[in-house]
Trainee: 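Have a look at the structure that comes next, please.
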Number of protein chains: 2
Amino acid sequence: MVKLRDIAQQTGYSISTVSKALSGKGRMSDETRNNILSVAKSLGYTPDFYAKSMASKTKTFVLGLIVPDITNPFFAYLTRGVERACGEACLLVLMDSFRSLHREEQLIRAARFYGVNGIVVGNSRVNDELIDEISKYVPVVIFDKECKCDNVVSIVVDNYYGAYLATKHLVENGCKHIIHFGGTQELYVSLQRAQGYEAAIKESGLKSHIVRVGYAFDDGYKAAKKLLNERNQFDGAFCMNDLVALGVMKALKEEGRKVPEDAAIVGFDDDKQLCEVTVPSLSSVRQPVEMMGETAGKMLLELINGQSNTKKVIFSPSLVVRDSSARR
Amino acid sequence: MVKLRDIAQQTGYSISTVSKALSGKGRMSDETRNNILSVAKSLGYTPDFYAKSMASKTKTFVLGLIVPDITNPFFAYLTRGVERACGEACLLVLMDSFRSLHREEQLIRAARFYGVNGIVVGNSRVNDELIDEISKYVPVVIFDKECKCDNVVSIVVDNYYGAYLATKHLVENGCKHIIHFGGTQELYVSLQRAQGYEAAIKESGLKSHIVRVGYAFDDGYKAAKKLLNERNQFDGAFCMNDLVALGVMKALKEEGRKVPEDAAIVGFDDDKQLCEVTVPSLSSVRQPVEMMGETAGKMLLELINGQSNTKKVIFSPSLVVRDSSARR
DNA sequence: TCTTCTTGCGCAAACGTTTTCTCAAAATTA
DNA sequence: TAATTTTGAGAAAACGTTTGCGCAAGAAGA
């Protein structure tokens, strides 16, 4: 890497003169400046990021963001929110764990090593001990997961309430047999959503019916297909996410059931691209992901500046009603 | 900001001892280490990213990636590809211009100011002069746009060929009246796609019919609706992207036309989440975005290391046939 | 001609770490 | 007890910039 010193040697000027020539700040003759500039260019000089930041007064914070999969819209919106919080004051370093737990752990450790000023961890599967350890060195905000560690701020959405809302909506629409597709034990959020569903069902006096599925399109499709083939009728479905909901919808169509006339469907996540584009469009529970991301960023900055006294921020989801659950 | 010196003063140890205690590297008694650690914690010490990077031997490159909208899957996949290229050796700083041309210009300038080692600019709308100027100071790889500037590497996909493929597929499927929804002048890519369409149509002896639309779901929907209401029949549609294609599909359904029986549809971009989830699933032209992103990252690294002699890399798209254009 | 101002440039400190050496004191071994 | 090793800790150089200050030489004014 070519540095100021090299240019100084080439031109015969001092390092400081070279620096001033390049930044356009000092006093010098045009001849000198042009000379330096041309040599700098011919040598292919690029300033050292770190040295520059060190020496100059204005410090730029660096925030790390670790997500399991940037191609998932949920995390893309999260990223956007954090970026918004960064504004001009911070640089955002994005790290994608590619859904690998191992890599996620690596990244979290690396974040400390790289010396970023703080990290936001999105929907992590790593255990609390690692978080606890890292948070001793670097401020941490954890997204979509509760964390008991000290010095760690959690940003979560009230999944229970969202599920309750969605189920209640189906009840009020006159559905008598509402199935919940979801409830896998693996993820904390899916548990909460199942509980919200149960609560609303209990309240209405109907019978609860949970079909355990994963979180992919095919999971919903196959589960619903099986159910329908077994002559298990249902007139309402609350699904743990939008993909599953679309899978269920496809199965219903194939079996000749009309949505929403024969069965109403509500998803979760409100992935706009997805929900608004299908026929019929899909009702869904919306989380204010981008705003949550922005909050995560802000909380992290507070944490870095040592002004934070918040431990947890809970956001309320809302129900977006579209055609798939329109009132009959 | 609390620094090593502050901890040193508090504890009575030297700066170097404090540094070693925190990094866990030097030799010292457990008592000393714990003492230092606890004081560091109570003071809320966070290491200075820049100083750290400056002082340590291993320099970490910093790559900047500027995208118009990270929530667009296309750019999410691009990001992922670049991230893959970064591996352990680089940090990726993500900058989202939020579709604002002004902000994009700002970011490009800022990238130079921040002193990142190089930047990848995704599908930019900024003029070549700015790129040219910046590329004097920082290596630049530009994605999805041709750029004549020296020292700038372009990564592009052969849009012409992709459009040709898609249209030819419709012709071979027996479509007699194939409309192209797209062709807005604003974007270079849409022009190329329109030309590819024209070429295939000409070759087949059919009549070309381009309906100029934007790139949103509603654009496709409204244009197709209007066409159908005017009794303008068509049995094939090649759309400039997947969203437009889904809009057209919705219009067809509403007007009682069956897809693909009455009209076959092909989109562009192959947004998996979208294409595989609709009924019928959508045929589309796939660009190897992630691999292109990875290539962009690699080219940038070569450029930074001064080993690049490539000026442009062209990727070939491929056609993914799904239900919306299944042979009748 | 003597003073004051301006111009062009370099010196050296500073930024906050890391890391290699050094060295006294304590612990171990002979 | 003497020689050796180990341990705990500090001094100082280095990383590549920026920037305030100083200073000589030339220009301008009296």
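This one's a predicted model, so the numbers in the text were calculated from it and none came from an experiment. In what follows, every chain begins at residue 1, and chains take the letters A, B, ... in the order their sequences are listed.
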Trainee: Should we say atom CG of A:Asn127 is surrounded by more than 12 heavy atoms from elsewhere, each under 6.0 Å from it?
Mentor: yes
Trainee: Name the nucleic acid region contacted by A:Ser19, choosing base, sugar-phosphate or nothing; use a 4.0 angstrom heavy-atom cut-off, strictly under.
Mentor: base
Trainee: Once you apply a heavy-atom cut-off of 4.0 Å, does B:Lys20 come out as touching a base, just sugar-phosphate, or nothing?
Mentor: base
Trainee: Quick one: does B:Lys311's side chain have a donor or acceptor within less than 3.5 Å of a partner on B:Val152's backbone?
Mentor: yes
Trainee: Ignoring the backbone of B:Lys25, work out which of C:dG16, D:dT18, C:dT19 is nearest its side chain.
Mentor: C:dT19
Trainee: Within this structure, what is the CE-to-P distance between A:Met54 and D:dT18, rounded to whole angstrom?
Mentor: 12 Å
Trainee: Any donor and acceptor pair, going by atom type alone, linking the side chain of A:Glu83 with main-chain N or O of B:Asp96 inside 3.5 Å?
Mentor: yes
Trainee: Picking from D:dT17, C:dG16, D:dA11, which would you name as closest to the side chain of A:Ile15?
Mentor: D:dT17
Trainee: Of the candidate nucleotides C:dG10, C:dT18, D:dT18, which contains the atom at the shortest distance from the side chain of B:Ser56?
Mentor: C:dT18
Trainee: Does the side chain of A:Leu92 come within less than 4.5 Å of B:Val93's, by heavy atoms?
Mentor: no
Trainee: Would you mind reading off the distance between A:Tyr50 atom OH and C:dT18 atom C1', rounded to a whole angstrom?
Mentor: 15 Å
Trainee: Return no unless some side-chain N or O of A:Ser29 is found under 4.0 Å from OP1 or OP2 of C:dC9.
Mentor: yes
Trainee: From CG of A:Asn34 over to P of C:dC9, roughly how many Å is that when rounded to an integer?
Mentor: 12 Å
Trainee: Where along nucleotides 24-29 of chain C does protein come under 4.0 Å, by heavy atom, of base (B) or sugar-phosphate alone (S), with - for untouched nucleotides?
Mentor: ------
Trainee: Tell me which of A:Lys3 and A:Thr17 sits closer to the 5' end of DNA chain D, going by the nucleotide each one is nearest to.
Mentor: A:Lys3
Trainee: Any chance CZ of A:Arg5 has more than 12 other-residue heavy atoms, nucleotides or ligands included, within less than 6.0 Å?
Mentor: no
Trainee: Write down the distance between CZ (A:Arg27) and C1' (D:dG26), rounded to a whole number of angstrom.
Mentor: 13 Å
Trainee: Donor-acceptor pair under 3.5 Å: do we get one between A:Ser14's side chain and the base of C:dC9?
Mentor: no
Trainee: Let me know the distance between CG of A:Asp48 and C1' of C:dT17, rounded to the nearest Å.
Mentor: 14 Å
Trainee: Expressed as a whole number of angstroms, how long is the span from B:Leu22:CG to C:dG16:P?
Mentor: 16 Å
Trainee: Measure NZ/A:Lys52 against P/D:dT17 and give the value in whole Å, please.
Mentor: 9 Å
Trainee: What is the distance, to the nearest angstrom, from the CG atom on B:Leu4 to the P atom on D:dA11?
Mentor: 15 Å
Trainee: At less than 4.0 Å, is any side-chain N or O atom of A:Tyr45 found next to OP1 or OP2 of D:dG16? Yes or no.
Mentor: no
Trainee: Step through the shown structure and confirm whether more than 12 heavy atoms of other residues, nucleotides or ligands are within 6.0 Å of OH on A:Tyr215.
Mentor: no
Trainee: Just wondering, do B:Ile314 and B:Val157 contact through their side chains at under 4.5 Å, heavy atoms?
Mentor: no
Trainee: Applying a 4.0 Å non-hydrogen cut-off, can you work out what B:Thr32 is touching in the nucleic acid: base, sugar-phosphate, or nothing?
Mentor: sugar-phosphate
Trainee: Does NZ or CZ of A:Arg84 lie under 6.0 Å from the centre of the six-membered ring of B:Phe98, at an angle within 45° of the ring axis?
Mentor: yes
